[in-house]
Amino acid sequence: LGSELKALKELVESLPRSDAVAFYDLALSVRDAALKGRRRAVSTWARGVALDELVLAARARVYELADDKASLSRILEENVKWRLVDDALRDLGGQHSQQQRRVLVAVPDEAAAAALAAYLSRGGLAVMERTFLKFLSRHNARARALEPSKRSPEHALLLAQEAELQAAYAADASSSGRGGAERGRLAVATRDQWVARDDALAEWLPDAVVLVEADPDLVRRVEAYAARREATVALYVCRCDES
């Protein structure tokens with residue numbers, strides 16, 4: 001039971017923190033590992049309807065197959081937290097802003113920092129297409145090894161998607177995605193980088209702080225910093241209503 005709950009916890013925690021492709025990849029790995037007997041504790045539900053339905057729901061956020069399986073539509077839902085950060089930065093750097101604000105974005109770890117930097121510099125669609133292409137390059141390995149006549153319609157469509165995305169990136173490798181949206185003076189820091197400093201906010205001197213994850217300790221630090229500074233410090237906390 002403990003291992004089963006651990007697997008479910010991993011999926012639940014990943015949902016609001018991951019984009020659709022990453023979550024679908026995780027759901028596939030949990031199901032495949034269970035079916036191969038690597039996670040015996042989850043096999044009771046992994047071999048049943050529950051995980052199959054989860055995988056199908058996760059896939060629907062990445063792509064949809066036509067009823068006749070003759071075509072495929074990319075959905076590619078992005079990480080909702082990155083969209084919330086983007087909205088906050090646009091709000092802070094709106095047309096009515098009289099000056100550029102120093103903005104600090106706090107993320108959980110280095111991986112999140114790199115992902116957010118890519119999202120902000122290239123845009124959500126470009127990042128998601130790149131992520132999907134990386135997924136396809138791995139996921140399609142088995143289909144590529146099959147003779148064309150033995151591939152399923154879905155395999156053929158996914159191979160076509162991979163070829164299409166590879167051609168698009170080859171033709172426009174220097175694409176910048178978003179096109180230089182104004183974001184003021186922006187710093188991205190992990191939680192560890194923040195708490196490792198005695199007074200990180202006094203070093204960074206932000207006018208606004210965006211917390212990707214709700215963190216009471218960091219909120220208190222922002223409040224104390226604002227009190228010492230005797231000035232208003234805008235605070236945004238990214239929260240998913242259904243998470």
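Note that the structure is predicted; figures quoted are calculated from it, not measured.
- Scanning all heavy atoms of the two residues, the minimum distance from Gly124 to Tyr119 falls at CA-CE1, 3.4 Å.
- Considering all non-hydrogen atoms of both residues, Cys238 and Leu84 come closest at SG-CB, 3.8 Å.
- Taking CG of Leu26 as the start and CD of Glu10 as the end, the distance is 5.0 Å to the nearest 0.5 Å.
- In this structure, Arg130 forms a cation-pi arrangement with Tyr169, its terminal cationic atom sitting closer than 6.0 Å to the ring centre and no more than 45° off the ring axis.
- The distance from the CG atom of Leu136 to the CD atom of Gln161 is 7.0 Å, given to the nearest 0.5 Å.
- Contacts classified as ring pair (Phe, Tyr, Trp, His ring centres under 6.0 Å) and involving residues 136-160 (residues at least two apart or in different chains) are given here: Phe135-His139.
- Heavy-atom minimum distance, Pro108 versus Thr190: O-CB, 4.4 Å.
- Among residues two or more places apart in sequence or in another chain, the side chain to side chain donor-acceptor pair (under 3.5 Å) test is passed with Glu147 by none.
- Side-chain contact, Glu154 with Tyr63: a donor N or O sits under 3.5 Å from an acceptor N or O.
- Looking only at distances, no side-chain donor or acceptor of Asp207 sits under 3.5 Å from a matching main-chain atom of Ala234.
- Look at Arg228 and Asp199 and you find a salt bridge, because one of the NZ, NE, NH1 or NH2 atoms lies within 4.0 Å of a carboxylate O, short of that distance.
- By the 4.0 Å N-to-carboxylate-O rule, Asp217 lies close enough to Arg221 to be salt-bridged with it.
- Looking only at distances, a side-chain donor or acceptor of Ser137 sits under 3.5 Å from a matching main-chain atom of Lys134.
- Following chains of ILVMFWY side-chain contacts shorter than 4.5 Å, one cannot reach Leu159 starting from Val62, and the two form parts of different hydrophobic clusters.
- Distance check: Asn140 CG to Arg151 CZ gives 9.0 Å after rounding to the nearest 0.5 Å.
- A salt bridge links Asp25 with Arg138: the distance from a Lys NZ or Arg NE/NH1/NH2 to an Asp or Glu carboxylate oxygen falls below 4.0 Å.
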If you look only at distance, which donor and acceptor atoms sit under 3.5 Å apart when one is on a side chain in residues 64-71 and the other is two or more places apart or in another chain?
{"from": "Asp68", "atom 1": "OD1", "to": "Ala70", "atom 2": "N", "distance (Å)": "3.0"}

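- Looking at every heavy atom in both residues, Arg17 comes nearest to Asn79 through O-ND2, 2.8 Å.
- Considering every non-hydrogen atom in both Val107 and Ala112, the closest pair reads CB-CB, 4.0 Å.
- At least one donor-acceptor pair closer than 3.5 Å links the side chain of Ser121 to the backbone N or O of Ala118.
- Here the closest heavy-atom approach between residue Ala106 and residue Leu211 is recorded as CB-CD2, 3.7 Å.
- With respect to Arg74 and Glu164, a salt bridge is recorded, a charged nitrogen being found less than 4.0 Å from a carboxylate O.
- With Glu213 as the partner, the salt bridge (Lys or Arg N to Asp or Glu O under 4.0 Å) test is satisfied by one option alone out of Arg239, Lys81, Arg191: Lys81.
- A distance-only check finds no donor-acceptor pair linking the side chain of Arg61 to the backbone of Ala57 [under 3.5 Å].
- Under the 3.5 Å distance criterion, the side-chain polar atoms of Tyr225 are matched with a main-chain donor or acceptor of Pro206.
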